[in-house]
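In this text the structure is predicted, and so the values were computed from the model without any measurement. Throughout, protein chains are lettered first and strands after them, A, B, ... in sequence-line order, and every chain is numbered starting at 1.
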2 protein chains.
Amino acid sequence: MDRVKKILLEHEVVPSIHRMLILQALMNSCSHPSADEIYRALLNQIPTLSKTTVYNTLKTFEEKGIIESFSIMNNEVRYELQPHPHAHFKCKLCGTIYDIYGSFDCLRDKIVEGHKVQEQHINLIGICAACQKKDKNDA
Amino acid sequence: MDRVKKILLEHEVVPSIHRMLILQALMNSCSHPSADEIYRALLNQIPTLSKTTVYNTLKTFEEKGIIESFSIMNNEVRYELQPHPHAHFKCKLCGTIYDIYGSFDCLRDKIVEGHKVQEQHINLIGICAACQKKDKNDA
DNA sequence: TTTCAATTTGTAATCATTACAAAATTAAAT
DNA sequence: ATTTAATTTTGTAATGATTACAAATTGAAA
Ligand SMILES: [Mn+2]
Ligand SMILES: [Mn+2]
Ligand SMILES: [Zn+2]
Ligand SMILES: [Zn+2]
């Protein structure tokens with residue numbers, strides 16, 4: 001919990017209890033949670049939590065560079081702490097989003113055909129390894 | 001217009017007048033139009049056009065492999081004929097979406113870390129060349 | 001304790017998209 | 001030409017994620 005507070009202070013965000021819990025939930029989760037998933041995960045600990053607070057807080061975190069957001073298949077936005085740059089794979093069957101640490105060119109802060117790149121999102125979509133196995137067993 | 005009809009027939013889509021006009025609008029546009037943009041562009045020619053028809057038709061086109069859709073920055077879905085695989089760059093200032101034909105690995109139909117890739121979307125976001133110039137002139 | 005700014009909340013609004021059933025169109029069958 | 005059935009198109013209502021906004025709450029300084 002001290003680790004969480006430290007991160008917020010380093011990014012000039014007042015470490016309120018809500019913000020600490022939201023960031024903690026995000027750090028504990030490895031599943032790229034959506035705003036709604038974070039909201040539901042915290043309802044036990046903060047019964048008075050408002051979904052607007054979750055949205056506001058996530059926006060603040062992103063503006064301050066604490067987290068990153070991305071969206072795959074145009075449903076809801078998903079959030080994660082920014083570790084090393086990586087790609088995402090979303091399974092069409094089970095919906096799981098996997099991190100892919102492959103050999104992708106990182107174009108951030110590079111100039112591409114004259115355009116200044118600030119963000120890069122590599123989204124792969126298909127059938128994950130687990131669902132392929134499941135399909136074979138069913139057949 | 002014959003070209004349009006031919007494409008529809010080749011993909012086993014009945015070439016109704018609406019479908020031909022929607023596909024034509026998509027072929028004439030090089031701006032990755034959204035469903036709403038296509039709808040507004042056609043309202044002159046088909047005053048009775050329903051937005052639902054545009055959505056239905058675009059979905060049909062995509063299912064039949066005539067067009068592809070993608071989404072960048074999680075606003076609306078955008079559509080294009082599928083030429084060679086390429087990446088997209090969206091300018092944060094003017095909103096323009098550029099095609100980027102760089103040297104990107106095409107992972108379609110490949111296996112990545114055990115996952116079967118069916119779609120690949122490379123989205124770059126930043127400030128486009130034109131807007132960089134404009135900024136310099138203003139300063 | 002008073003004050004004031006920052007944070008949080010609840011509700012209503014927005015926007016893209018989908019669901020669904022009725023209406024219109026088309027082509028085939030009589 | 002008329003009937004029939006399937007397909008296409010339409011209009012409206014519903015959905016779901018997100019945002020706008022104003023009121024309520026909190027928390028630190030004076
Ligand atoms: Mn990730
Ligand atoms: Mn393109
Ligand atoms: Zn799966
Ligand atoms: Zn621009």
Side-chain angles (χ1 to χ4, degrees), chain A residues 4-5 8-9 11-26 32-64 66-79 90 95 97, chain B residues 4-5 8-9 11-25 31-64 66-79 90 95 97:
Chain A
V4 172
K5 180 183 286 193
L8 290 173
L9 290 173
H11 290 83
E12 300 175 313
V13 174
V14 176
S16 73
I17 181 66
H18 289 77
R19 286 170 177 164
M20 289 199 289
L21 288 174
I22 288 174
L23 181 53
Q24 194 178 43
L26 212 37
H32 309 94
S34 66
D36 191 65
E37 282 165 354
I38 295 171
Y39 169 73
R40 291 203 310 274
L42 288 176
L43 262 190
N44 307 319
Q45 305 172 56
I46 324 175
T48 66
L49 182 63
S50 164
K51 204 177 280 190
T52 300
T53 298
V54 177
Y55 277 106
N56 290 340
T57 302
L58 291 170
K59 178 181 286 190
T60 300
F61 287 179
E62 190 172 18
E63 284 167 358
K64 297 292 187 173
I66 301 174
I67 65 174
E68 282 185 4
S69 75
F70 67 97
S71 153
I72 190 168
M73 295 282 298
N74 195 52
N75 356 40
E76 71 273 274
V77 173
R78 295 178 167 277
Y79 299 88
K90 175 165 186 173
I97 296 177
Chain B
V4 171
K5 181 183 284 192
L8 291 174
L9 289 173
H11 290 83
E12 298 176 312
V13 174
V14 176
S16 72
I17 180 67
H18 290 77
R19 285 171 177 163
M20 289 198 290
L21 288 173
I22 288 174
L23 181 53
Q24 193 179 43
S31 66
H32 308 93
S34 66
D36 191 65
E37 282 165 354
I38 294 171
Y39 170 73
R40 292 204 309 274
L42 288 176
L43 262 191
N44 308 318
Q45 306 171 57
I46 324 174
T48 65
L49 182 63
S50 163
K51 204 177 278 188
T52 301
T53 299
V54 176
Y55 277 106
N56 289 342
T57 302
L58 291 170
K59 179 180 284 189
T60 300
F61 286 179
E62 190 172 18
E63 285 168 357
K64 297 293 187 171
I66 300 174
I67 65 173
E68 282 186 2
S69 75
F70 67 97
S71 155
I72 189 168
M73 295 282 296
N74 196 52
N75 355 40
E76 71 272 276
V77 173
R78 295 179 167 275
Y79 299 87
K90 175 165 187 173
I97 295 177

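In terms of heavy-atom proximity, B/Arg78 sits nearest to B/Ser31 at NH1-O, 3.9 Å. Of all heavy-atom pairs spanning A/Met73 and A/Lys90, the tightest one is CG-CD, 4.0 Å. Heavy atoms only, all atoms of each residue included: B/Tyr79 and B/Ala35 are closest at CE1-N, 4.1 Å.
Put simply, CZ on A/Phe61 is 11 Å from P on C/dT7, counting in whole angstrom units. Rounded to whole Å, atom P of C/dA13 lies 18 Å from atom OH of A/Tyr55. A straight line from CD of A/Glu76 to P of C/dC15 spans 21 Å, rounded to a whole angstrom. When rounded to the nearest whole Å, the span between CG of A/Asn74 and P of C/dA16 equals 11 Å. In this structure, B/Asn75 atom CG and D/dT19 atom P are separated by 11 Å, rounded to whole Å. Distance A/Lys64 NZ to C/dT7 C1': 14 Å, rounded to the nearest Å. The interatomic distance linking A/Glu63 (CD) with D/dT19 (C1') rounds to 13 Å, in whole Å. For B/Asp36 and C/dT14, the CG to C1' distance is 14 Å, given to the nearest whole Å.
Each end of the helix from C/dT1-D/dA30 to C/dT30-D/dA1 gets its own axis from five base pairs, and the two axes differ in direction by 0°, given to 10 degrees.
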Which pairs would a plain distance check flag for residues 41-54 of chain A, meaning a side-chain donor or acceptor within less than 3.5 Å of a matching protein atom at least two apart in sequence or in another chain?
residue : atom : partner : partner atom : Å
A/Ser50 : OG   : A/Thr52 : N            : 3.2
A/Lys51 : NZ   : A/Asp36 : OD1          : 2.7

Can you list, pair by pair, the side-chain donor-acceptor contacts under 3.5 Å of residues 12-24 of chain B, counting residues two or more places apart and other chains?
residue : atom : partner : partner atom : Å
B/Ser16 : OG   : B/Arg19 : N            : 3.2
B/Arg19 : NH1  : B/Val14 : O            : 3.1

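Between atom CG of residue B/Leu8 and atom CD1 of residue B/Ile66 there is a gap of 5.0 Å, rounded to the nearest 0.5 Å. The line from NE2 of B/His32 to CD of B/Glu76 is 13.0 Å long, rounded to the nearest 0.5 Å. With rounding to the nearest 0.5 angstrom, the CD1 atom of B/Ile38 is 4.5 Å from the CG atom of B/Leu58.
In this structure a side-chain-to-backbone donor-acceptor pair under 3.5 Å is present from B/Glu37 to B/Ser34.
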Between the protein and nucleotides 28-30 of chain D, list every N/O to N/O distance that falls short of 3.5 Å.
none

Below 3.5 Å is the cut-off: list the nitrogen or oxygen pairs between protein and nucleotides 9-11 of chain D, distance only.
residue : atom : partner : partner atom : Å
D/dT9   : OP1  : B/Ser16 : OG           : 2.6
D/dT9   : OP1  : B/His18 : ND1          : 3.2
D/dT9   : O3'  : B/His18 : NE2          : 3.4
D/dT10  : OP1  : B/His18 : NE2          : 3.2
D/dT10  : OP1  : B/Thr48 : O            : 2.9
D/dT10  : OP1  : B/Thr48 : OG1          : 3.1
D/dT10  : OP2  : B/Ser50 : N            : 3.1
D/dT10  : OP2  : B/Thr53 : OG1          : 2.6
D/dT10  : O5'  : B/Thr48 : O            : 3.4
D/dG11  : O6   : B/Thr52 : OG1          : 3.2

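With sequence neighbours excluded, the residues satisfying side-chain hydrogen bond (donor to acceptor under 3.5 Å, both in side chains) with B/Ser71 are A/Asn74.
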